Asks: 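For reference, the structure I am asking about is given below.
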Number of protein chains: 2
Amino acid sequence: MPFAVTVDLVLLTIREDELQVLAVRRGEAPFRGRWALPGGFVREEEGLLEAAQRELAEETGLRERSVHLEQLGTYGAPRRDPRLRVVSVAYLALAAELPEPAAGTDASEARWRPVADLLSGSDRLAFDHREILGDGLERARAKLEYSPLATAFCAHEFTVAELRHVYEVVWGTELDPRNFHRKVTGSPGFLMPTGRRTTRNGGRPAQLFRRGKARLLNPPISR
Amino acid sequence: MPFAVTVDLVLLTIREDELQVLAVRRGEAPFRGRWALPGGFVREEEGLLEAAQRELAEETGLRERSVHLEQLGTYGAPRRDPRLRVVSVAYLALAAELPEPAAGTDASEARWRPVADLLSGSDRLAFDHREILGDGLERARAKLEYSPLATAFCAHEFTVAELRHVYEVVWGTELDPRNFHRKVTGSPGFLMPTGRRTTRNGGRPAQLFRRGKARLLNPPISR
DNA sequence: GCAAAAGTGTTGGGAGTACACCCATGA
DNA sequence: TCATGGGTGTACTCCCAACACTTTTGC
């Protein structure tokens with residue numbers, strides 16, 4: 001049985017105080033004119049993660065270093081693509097704020113779109129990409145609690161307030177700045193102090209941190 | 001690019017006070033004579049979950065009702081199968097104790113094997129199935145904490161002690177029976193009392209429960 | 001000085017652990 | 001009546017949400 005295998009990317013970032021995802025406007029049938037997740041075929045001599053890294057580089061010009069990339073799930077309903085049987089392995093990628101993608105890189109327009117808009121159905125996604133995006137969002141939300149994943153949304157160095165902003169945007173909640181500060185700085189291995197400070201918005205300068213080596217947070221950060 | 005797509009099953013159960021997994025002895029090259037996870041090709045008109053359900057039924061004769069089945073991950077390294085490019089979607093299945101599979105169903109011998117034996121490397125698995133099994137075990141362990149998944153290892157009706165036994169075997173720890181009892185009966189939606197009681201091993205009869213409707217446990221059951 | 005943001009101290013209540021104790025059965 | 005496992009009560013500890021308060025900057 002001949003199957004086509006693709007990777008699709010749910011690349012999330014935080015821009016303009018909301019969670020946004022990279023989407024491409026489809027130039028061809030099927031679903032011409034609709035938004036879709038970026039993706040492409042897996043090559044002959046390429047692993048799945050490798051293919052996702054390549055797609056990521058093609059879409060954003062980013063080396064994999066600064067981007068968190070993990071397998072999200074695989075979608076293979078018989079007629080999810082009307083042309084042929086395609087099994088798609090979705091990857092979840094999280095990045096710090098990136099520039100708007102250069103136009104015309106791939107003959108198709110790529111843009112940052114608010115996740116909420118694409119999920120609310122006002123702007124329907126191609127294929128089963130709405131389901132994939134929904135699963136990606138859920139995964140990201142859950143992992144913020146018990147893993148240091150939120151740092152993947154931040155630049156190399158960041159303040160506690162910036163990290164808190166990530167949590168607040170992804171979860172859509174407000175967190176107490178004082179307790180949050182204590183929690184994250186007290187969580188072993190979550191943050192590494194750099195010793196440097198910054199002043200960005202007036203007020204007392206904040207310490208700058210880098211991500212630490214911890215892979216799991218306990219106790220978790222509660223919503 | 002022509003890919004073959006298969007589903008592989010990590011079917012776990014608890015037998016003889018240990019965690020066991022269904023394995024099949026390979027009758028052909030490659031890896032002839034080695035143990036492997038049960039699996040097979042996805043058919044033309046079949047979804048991925050559907051294929052996993054079919055495999056499960058073929059191996060165990062079980063209807064999907066009583067078995068928990070969820071996608072675990074997808075494995076597609078270029079040369080994981082030396083014959084052709086195979087992408088395998090692994091599913092994690094959890095079941096209550098089942099009879100030893102009938103011999104000769106599928107020309108290959110299927111048997112319950114202790115997970116620890118297969119992971120410790122004393123009995124090497126075919127392909128990348130050791131990695132898949134390891135991922136499945138990790139997933140099961142993690143999900144016991146924050147989901148009512150442990151009930152999937154129990155029969156339709158079960159006692160608190162039987163449920164505790166599941167946790168103790170999967171985690172390899174001992175739990176305080178008294179606090180455990182309070183936690184699980186107090187967790188809303190985890191267990192539904194049937195009103196019936198049973199005496200299995202002498203001692204005071206225990207209440208019988210069924211799984212409730214909760215999908216998430218909070219607070220979680222801690223290791 | 002005043003506003004604004006960073007960071008610390010304090011406290012009261014809730015949750016979890018450890019363990020003493022009581023309950024219901026079979027032999 | 002004893003052994004065995006089921007189930008409840010209770011006290012102590014630790015954690016954490018809430019919020020008052022102090023620190024350090026720009027204007």
Side-chain angles (χ1 to χ4, degrees), chain A residues 17 144-146 150-151 154-155 157-169 171 173-210 212 214 216-223, chain B residues 17 144-146 150-151 154-155 157-169 171 173-210 212 214 216-223:
Chain A
D17 293 344
L144 288 203
E145 293 199 29
Y146 60 88
T151 57
C154 297
E157 298 197 343
F158 53 88
T159 67
V160 172
E162 285 162 357
L163 186 65
R164 178 166 46 84
H165 188 238
V166 170
Y167 278 90
E168 291 181 332
V169 167
W171 284 348
T173 57
E174 294 221 323
L175 298 170
D176 185 306
R178 301 158 292 193
N179 291 331
F180 182 84
H181 185 277
R182 217 187 331 244
K183 264 196 241 184
V184 297
T185 53
S187 189
F190 192 2
L191 301 182
M192 287 184 55
T194 63
R196 273 197 292 277
R197 321 184 128 262
T198 186
T199 300
R200 302 222 220 262
N201 312 313
R204 174 174 169 177
Q207 289 179 254
L208 283 169
F209 293 89
R210 294 192 196 144
L216 239 54
L217 260 37
N218 73 331
I221 312 295
S222 47
R223 273 183 232 209
Chain B
D17 294 345
L144 288 202
E145 293 199 30
Y146 60 89
T151 59
C154 297
E157 299 195 343
F158 53 89
T159 67
V160 172
E162 286 163 357
L163 185 64
R164 179 165 47 83
H165 188 237
V166 169
Y167 279 91
E168 291 181 331
V169 168
W171 285 347
T173 57
E174 294 221 324
L175 299 170
D176 184 306
R178 302 159 290 195
N179 292 330
F180 183 84
H181 185 277
R182 218 184 334 239
K183 264 195 240 186
V184 296
T185 54
S187 189
F190 192 2
L191 301 181
M192 288 185 52
T194 64
R196 273 199 291 277
R197 320 182 130 263
T198 188
T199 301
R200 301 219 221 265
N201 311 314
R204 173 174 171 178
Q207 290 180 252
L208 283 168
F209 294 89
R210 293 192 197 144
L216 239 54
L217 260 37
N218 74 330
I221 313 295
S222 47
R223 274 183 229 211

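In the text below, chain A, chain B and the rest are named by the order of the sequence lines, each starting its count at 1. Computed from a predicted structure; not experimentally measured.
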Asks: Using a 3.5 Å distance criterion without hydrogens, assess whether the side chain of A:Thr173 forms a donor-acceptor pair with backbone atoms of A:Glu168.
Replies: no

Asks: D:dT22 C1' sits how many Å from A:His181 NE2, rounded?
Replies: 14 Å

Asks: Between the base of C:dG9 and the side chain of A:Arg182, is there a donor and acceptor pair under 3.5 angstrom?
Replies: yes

Asks: Please name the pair of heavy atoms, one in B:Thr194 and one in B:Arg210, separated by the smallest distance, quoted to 0.1 Å.
Replies: CG2-CG, 3.7 Å

Asks: Taking 4.0 Å as the cut-off, does a side-chain nitrogen or oxygen of B:Ser222 come that near to OP1 or OP2 on C:dT17?
Replies: yes

Asks: Could you walk me through whether B:Glu145 and B:Trp171 satisfy the side-chain contact (heavy atoms from CB on, under 4.5 Å) test, starting with their C-alpha distance in whole Å, then the side-chain angles of each, then the deciding distance to 0.1 Å, before giving a yes or no?
Replies: CA-CA 10 Å; B:Glu145 293 199 30; B:Trp171 285 347; 3.3 Å; yes

Asks: Name the closest nucleotide to the A:Pro205 side chain, picking from C:dG7, D:dG7, D:dT25.
Replies: D:dT25

Asks: As a test of reading the structure: which of D:dG7, D:dA17, C:dA18 is closest to the side chain of B:Ala206, going by heavy atoms?
Replies: D:dG7

Asks: Return the nearest nucleotide to the side chain of B:Arg178; candidates are D:dT8, D:dG6, C:dG7.
Replies: D:dT8

Asks: Whole-Å distance between C:dG9 P and A:Lys183 NZ?
Replies: 19 Å

Asks: Under a 3.5 Å cutoff, is there a donor and acceptor pairing between the side chains of A:His181 and A:Asp176?
Replies: no

Asks: Between P on C:dG9 and CG on A:Asn179, what's the gap in Å once rounded to a whole number?
Replies: 14 Å

Asks: To the nearest Å, how far apart are B:Arg197 CZ and D:dG5 C1'?
Replies: 13 Å

Asks: Taking atom P of C:dA6 as reference, at what distance in whole Å does atom CD of A:Gln207 sit?
Replies: 11 Å

Asks: Looking at every strand, decide which applies to B:Pro219 at a 4.0 Å heavy-atom threshold: base, sugar-phosphate, or nothing.
Replies: sugar-phosphate

Asks: Rounded to whole Å, how long is the line connecting atom CG of B:Leu191 with atom P of D:dG7?
Replies: 11 Å

Asks: Could you pull out the closest heavy-atom pair between B:Ala214 and B:Phe190, with the gap in Å?
Replies: CB-N, 4.0 Å

Asks: Rounded to whole angstrom units, what separation is found between the CG atom of A:Asn218 and the P atom of D:dC15?
Replies: 11 Å

Asks: From C:dG7, D:dC19, C:dA18, pick the nucleotide closest to the side chain of A:Val160?
Replies: C:dG7

Asks: From CZ of A:Arg164 over to P of C:dA6, roughly how many Å is that when rounded to an integer?
Replies: 6 Å

Asks: Across the strands shown, which category fits B:Thr185 at heavy-atom distances under 4.0 angstrom: base, sugar-phosphate, nothing?
Replies: nothing

Asks: Per the atom types in the model, does the base of C:dA5 pair as donor or acceptor with the side chain of A:Arg204 at under 3.5 Å?
Replies: no

